[in-house]
> 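Dumping the structure here so I can ask a few things about it.
Here is the naming used below: chain letters follow the sequence lines, and residue numbers restart at 1 for every chain. In what follows, every heavy atom counts, from backbone to side chain, and hydrogens, waters and symmetry copies are set aside.
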There are 2 protein chains.
Amino acid sequence: MQDLLFDFLSKYISLTEDEKNAILSLDIFHSYKKGTILLKEGQKSKESYFVLKGCIRTYYVIDGEEKTTAFYTEMEALTPPCVISKNPSEYYISCLEDNILLVSNSDMEAEVNSKFPRFENLCRILSEELLAKERIDFDAFKTSSPEQRYLNLLQKRPDLIQRVPQHQLASYLGIKPQSLSRLRARILEKKS
Amino acid sequence: MQDLLFDFLSKYISLTEDEKNAILSLDIFHSYKKGTILLKEGQKSKESYFVLKGCIRTYYVIDGEEKTTAFYTEMEALTPPCVISKNPSEYYISCLEDNILLVSNSDMEAEVNSKFPRFENLCRILSEELLAKERIDFDAFKTSSPEQRYLNLLQKRPDLIQRVPQHQLASYLGIKPQSLSRLRARILEKKS
DNA sequence: GCAATCCGTTCACTTTAGTTAAGAAATACT
DNA sequence: AGTATTTCTTAACTAAAGTGAACGGATTGC
């Protein structure tokens, strides 16, 4: 399981054995059962997550309704906005599946960053990459219709459509579950 | 004009005179006339922008139509995705107004980062903040209707509604110009 | 194993956005 | 200033998403 992490990191920098051991000694690998809530609305937190296995989702509760806005799967990282802003969280994070996560907290990160300056460099590069990716995704969302968004998802992340309940996918696409059902029926009809 | 930059940076770290001079010696302040195109689709680029005065916008040309996806105004920064991915740009960047911009390129940044490690730390913090902010904005977009998005914009960035042409605002809100006109008329009617 | 709940789909109906077109208003051009 | 172009608004019509309700099918919890 550690290898998954180090293989991923090796795309960015090559770590020495010392550095790898320093990371491992932090004891940051954790397992969570499906359904576990990692963060609740209103809570403060310093924890960031990196998914080694499984899937976590972020959702808001607006007028009593869950609005799912993101899924994070294998090799994806999430630092909740509340960790950055130091305010209570606006949303929930829960485990969609049984997960193995890497959990870090911001104090720990600050310490590692000062001990291993190259780690700071890695973090900067990673977050710049994530920001660029997030902006592209946002742009694609703005410039396309719900149907195009669904077709796009089918292309880019077919796994999500399999592993995620429809009603959560719907709000992820910015629509209601009924609309997603209808939209899918429409697509099937066009094909035939 | 430099003071604008240093005042902004002072919120994150306090720079020494040496560091300030190092930044100034890079000669990164530039003026651009309204309408100037900073980046075209298909071009490669290493340039990042920080707006000191004015407004720049990013837009795609899809089926011959301009789709505006973002505006950057005073004290906002933009590193185009193509700078990160090192691929040709998918979009255009143009000056919506006469601008004074801080223009850096990634080679220059790498050099400054290695000379002044604290600068790397600053960059990491800034891009982590921007990522958190971008995700919140994306979430808000997904979970609200065009009308709510417009009302939200009216609250959060009233200046944009003044300085940006309607048809560009429309695609920024993910709708057609005609729909924005109609939606505004609808809101006015409700008020009365 | 049965009841209760949740989930996905369908339907009828309402509301809103997309489309096409036209005209008025603002802007840019020479 | 006068013309041309672009931008904004309005309108009529079409297409798609929201809403409320109903139905089976799956899942969960005693």
> Could you state the NZ-P distance from K33(A) to dT28(D), rounded to the nearest angstrom?
14 Å
> Using the side-chain heavy atoms of K176(A), tell me which of these nucleotides is nearest: dA17(D), dA17(C), dT19(D).
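Of the candidates, dT19(D) comes closest.
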> For Q168(B) and R182(A), take the nucleotide of DNA chain D holding the closest heavy atom to each; which residue's nucleotide lies nearer the 5' end?
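Comparing both residues, the 5'-ward one is Q168(B).
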> Check the distance between dC7(C)'s C1' and E66(A)'s CD and give it to me in whole angstrom.
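So the CD-C1' distance, E66(A) to dC7(C), works out to 13 Å.
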> Please report how far the helix from dG1(C)-dC30(D) to dT30(C)-dA1(D) bends, comparing the axis fitted to its first five pairs with the axis fitted to its last five, to the nearest 10 degrees.
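Roughly 60° between the end axes, to the nearest 10°.
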> Will you find, in the side chains of S127(B) and E128(A), an N or O donor that is under 3.5 Å from an N or O acceptor?
no
> Quick one: which of K53(B), R163(B), K34(B), K33(B) gives a salt bridge (charged side-chain N to carboxylate O under 4.0 Å, His left out) with E97(B)?
R163(B)
> For the side chain of Q178(A), counting heavy atoms from C-beta on, which of dT7(D), dA21(D), dA17(C) is nearest?
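So the nucleotide nearest the side chain must be dA21(D).
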> For DNA chain D, whose closest nucleotide is more 5', that of S179(B) or that of G174(A)?
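Counting from the 5' end, the first nearest nucleotide belongs to S179(B).
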> Could you work out which one of dG8(C), dG18(C), dA17(D) sits closest to the side chain of I175(B)?
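My answer, after comparing the listed nucleotides, is dG18(C).
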> Nearest-nucleotide wise, let me know which of R184(A) and S145(B) is further upstream toward the 5' end of DNA chain C.
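It is R184(A), whose closest nucleotide lies nearer the 5' terminus.
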> If you check the R186(B) side chain, which of dA17(C), dT10(C), dA17(D) turns out closest?
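For the R186(B) side chain, the nearest candidate turns out to be dA17(C).
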> Would one find a side-chain N or O of H167(B) under 4.0 angstrom from OP1 or OP2 of dC8(D)?
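For dC8(D), OP1/OP2 do have a side-chain N/O of H167(B) under 4.0 Å.
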> How long is the line joining CD of Q166(B) and C1' of dA26(C), in whole Å?
13 Å
> What is the distance from CG of L180(B) to P of dT16(C), rounded to the nearest Å?
15 Å
> Among I56(A), T73(A), V164(A), find the one that has a side chain to side chain contact (heavy atoms under 4.5 Å, CB included) with L96(A).
V164(A)
> Is any NZ, NE, NH1 or NH2 atom of the basic residue among K11(A) and E129(A) found under 4.0 Å from an Asp or Glu carboxylate oxygen of the other?
no
> Please report, rounded to the nearest Å, how far the C1' atom of dG18(D) is from the CG atom of D63(A).
14 Å
> Could you tell me how far apart L173(B) (CG) and dC8(D) (C1') are, to the nearest whole angstrom?
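In whole Å, dC8(D) C1' lies 15 Å from L173(B) CG.
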> Under a 4.0 Å N-O cut-off, is there an ion pair linking R124(B) with E120(B)?
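The answer is no: the pair does not qualify as a salt bridge.
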> From CD1 of I161(B) over to C1' of dC8(D), roughly how many Å is that when rounded to an integer?
15 Å
> Can R135(B) and D139(B) be counted as an ion pair, charged N to O under 4.0 angstrom?
no
> Quick one: are L183(A) and L173(A) in side-chain contact, heavy atoms under 4.5 Å?
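With C-beta onward as the side chain, the pair stays apart.
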> Could you check how far CD1 of I62(A) sits from P of dG18(D), rounded to whole Å?
14 Å
